[in-house]
Amino acid sequence: MSPSPAATAPLDVLRGALRDAAHAVGGDSQAGERATLERPKRDDFGDYATNVAMLLAPVVGGPPRDIAGKVGEELQTRLGPLLERVDVAGPGFLNLFLSDDWHAAALAHVLAAGDAFGGGEAPVAEKINVEFVSANPTGPLHVGHARNAAYGDALSRIFAFHGHEVTREYYVNDFGSQIARLAESVRARAKGEDVAEDGYQGDYVQAIADAIPDAATMDLDALGQRSVALMTERIRDSLHFFGVNFDVWFSERSLHEPKPALAGQDPVTHAFERLAELDQTYAHEDALWLRSSAHGDDKDRVLVRSTGDHTYFASDIAYMLDKRERGFDRLMYVLGADHHGYKARMAAAYESLGGDVASLDLLIMQFVHLVERGERSSMSKRSGEFVTLDDLVAEIGVDAARWFLLQRSHDTTIDLDLDLAREESSDNPVYYVQYAHARIASVLDKAGADRVAAALAAERAAVAMHPAEKALVKKLLMFPAEIAEAATRRAPHRVSSYALELAQTFTAFYRDCQVVGAEGDGVEDLRIALCVASQTTIATALRLLGVSTPDTM
RNA sequence: GCGCCCGUAGCUCAGUGGAUAGAGUGCUUGCCUCCGGAGCAAGAAGUCGCAGGUUCGAAUCCUGCCGGGCGCGCCA
C-alpha cells in the first residue's frame, strides 16, 4: 500500500486514468472528460463502468468494441495492480474490476476525511441568501409551511456543507391591510365579540387577545404590531422546535421607515429612485408602473396605485434591492405552490435591478396532502382549520416529519401517510436509517473504544475483501457526488435516498460479515473501520436533513 | 384561453442520453442458540399517459395530444 493512500480521492484516480487513456487513444477529443464513470446495476459488469469508447468511436473511427479494447489496455497500464481486470461488454462499455488494494485505499480516504467527508467540494464558493417560509404572521404555520421550512433548511445545510456561505432569511409581512385585519380580529375577541366575516377566525386569535392586557382599548395600529410580534414569536418557537433557525428576520415595515444607511431615506423610495435611474418605471394614469414586460413578464406591474398606496410588489422589489446591496452572489426564494404566478414578475424585478437571472433561484414547493387510514385529509381538520406545523410534530415527531417532507422532490405533490410516519418500525424508512446508526454504535460499543481506536490506527493488512465489504466501500464513495447533485439541483431528497441506500448496504454487510471477533489477520480491523466510516456518513446525511442520530433507540 | 408543475409496479415515489427501469409500502413464501429480529432472504407485480421526431442508444431531449394539480387583480 502506498504511504498516503488518502491523498487523492479514489474516484479521482480512476477518472484521471480514464482521461489519460482516452487521450492516448483519441488524441485531443474531450471524450475522456465527458465519459461517464458509474456503478453498473449488475455485479458482473464490474465495480465501475464507462462509456468512453462509444464517445471515442465517432472521433477515431472504427467499432466501439475495438476502441474499448485499446482504452482498456491503456487503463491497465496506468492503474497497474489497482485494476484487477477490465472487460469490454455490450455495445462497447468498459467494465472495471478494482482490486482489494484500491478498495482499502478508498476506505482510508473516507476515514481520513471524517465528518467532513463529502463536503467542501463546491467549485466556486458563493454567498447565498435563502429566503423561505415567510408566512404571514397572522396565523400559525400549517403543513405546507412545514414542507417549505424543512426544505429551505435542509437546502441551506447542504449548501453550507458543500462549501457555500448561507444566510437563512424570513420575510415578516408586518405591514399592510392584513395587519389591520388581524388587529380588528384580536380586538373583537378581547371584547368577547365575534370576529368579522373577513377577519381571522382561529382560536389562536383569542390566545393573542388574552396575552395583551389592554387589547380591547389600545390604539389599533399598536395592537396590530403587538399581535404580529406575538404571532411571530410563536412562529419562531414552532420553527425552532422543528430544528429550523433563521439568521435574519426581515421586517416588511422597516422598508417603509427612514434608514440611516440611506441618508434617512426609506428603502422603498430608495428602490423607486434606483429603478427610475435605470429607466425601469413610468407613470401612467396616476400610477407608477414597472416595465416588467420588458423582462419576460406577461404585463407591466403597478408599484404605486393611483390612490398613492404602494403595492405589495413595491415592498418585494425594495426588499430584493436591499438583499442585492448586502452583497449576495445568489438570491434564493422558496415559494409555496400558490405563488408560482409570481415567478415571472420576481425574475423581471431582479433584471430590472440589474441582476442576472442566472443568480436568482425561484423554487416552487408543491402541495402536501395528509393521508390517514387511506383517506386524504388535504391539510384541513373537520373544523376547517388547517393542520398546523405544531400538530404535525406532536403527531409524528420532528424526525419523521422532516424525513417524510424531504424524501420527495420539491416539485411533486406529496401524500404524507401519517399512519406510516407514526410507525416506529422498519416499515418506516426514517427509523430504518436511524436504526442502522444505533446498531453501529452498539457494535462499536461492544468492541470497545480502545479496540476501535487501535483498528483505525492499524496498518491495513492485505485482506481479501468480502463482496459485501467492497459494496459498502463503493456506496460510501458515492456520497460526495450525491451531495454535489443535491446542491446543484436543489434536491435534498437525494440525500434521504442515499441515506436509505447506505443503511441498506451497511445492513447487508452486517448480515454477511461478523465484525466483533472476526477471524483472520486484519479482518476485524477492516470491519471496525467500515463501521466507523458508515456511521459517520449516515450521521452526516441525517444531520443535513435535520434528523437526529441516536446511538440507542 | 394563457402559463407553471406532475403522469413510472396495487399505493407513495426515485431515476434529466446507456446494458435486463428501481426503492419503500402492500401481497405470497421462508428465516430467531448467532455483534441490536426496530432485522434478513426469495417471489409475484410495469404498453415508463398516448403519438410522432432527434441518434449507435430515449422514462430522460424536441413537437403535438390526453389526464390531474395550481396560478393568471392598481389583493396581501
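Letters go in sequence order (proteins before strands), and every chain restarts at 1.
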- Given protein heavy atoms under 4.0 Å, the one-letter contact record of nucleotides 5-15 of chain B, with B base, S sugar-phosphate only and - none, is simply SS-----BSSS

[N] to [M] separation - [atom1] atoms, rounded to the nearest Å:
| N | M | atom1 | result |
| --- | --- | --- | --- |
| B:rU12 | B:rG68 | P | 16 Å |
| B:rA38 | B:rC65 | C1' | 49 Å |
| B:rC5 | B:rC62 | P | 11 Å |
| B:rG1 | B:rG15 | P | 32 Å |
| B:rU54 | B:rU8 | P | 27 Å |
| B:rU47 | B:rC11 | P | 12 Å |
| B:rC50 | B:rC4 | C1' | 22 Å |

- NA contact type, A:Ala57, heavy-atom cut-off 4.0 Å: base, sugar-phosphate, or nothing?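 Here A:Ala57 touches no strand at all.
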
- Using a 4.0 Å heavy-atom cut-off across all strands, classify A:Thr507 as base, sugar-phosphate, or nothing. sugar-phosphate

- Query: Roughly how many Å is it from CD in A:Gln504 to C1' in B:rU25, rounded to a whole number?
  - Reply: 13 Å

- Item | Interatomic distance where CG belongs to A:Leu303 and P belongs to B:rG73 [whole Å] |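 Nearest whole value for this atom pair: 16 Å.
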
- Side-chain heavy atoms of A:Glu469 within contact of A:Cys513, under 4.5 Å: yes

- No-H, no-angle donor-acceptor pair, A:Tyr342 side chain to B:rC75 base, under 3.5 Å: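 Check passes, donor-acceptor contact within cut-off.
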
- Query: Any donor-acceptor pair under 3.5 Å joining the side chain of A:Asn95 to the base of B:rA19?
  - Reply: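 Under the 3.5 Å cut-off, the side chain and the base do form a donor-acceptor pair.
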
Can you tell which of [options] lies closest to the side chain of [X]?
| X | options | answer |
| --- | --- | --- |
| A:Tyr432 | B:rG36, B:rC40, B:rC74 | B:rC40 |
| A:Tyr435 | B:rG69, B:rA76, B:rA38 | B:rA38 |
| A:Met553 | B:rA76, B:rU20, B:rG36 | B:rG36 |

- Mind running a 4.0 Å heavy-atom check of residues 308-322 of chain A against RNA chain B and sending the residues that fall below it, in number order?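 Under 4.0 Å from RNA chain B: A:Tyr312.
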
- Message: Just to be sure I understand the geometry, which residues of residues 280-298 of chain A put a non-hydrogen atom under 4.0 Å away from RNA chain B?
- Response: A:Glu285, A:Ala287, A:Trp289

- Query: After noting the C-alpha distance and the side-chain angles of A:Leu331 and A:Glu131, does the key distance pass the side chain to side chain contact (heavy atoms under 4.5 Å, CB included) rule?
  - Reply: CA-CA 8 Å; A:Leu331 298 188; A:Glu131 185 200 323; over 6 Å; no

- Task: List the steps, then state whether side-chain hydrogen bond (donor to acceptor under 3.5 Å, both in side chains) holds for A:Tyr319 with A:Glu169.
- Result: CA-CA 12 Å; A:Tyr319 181 30; A:Glu169 195 147 328; 2.8 Å; yes

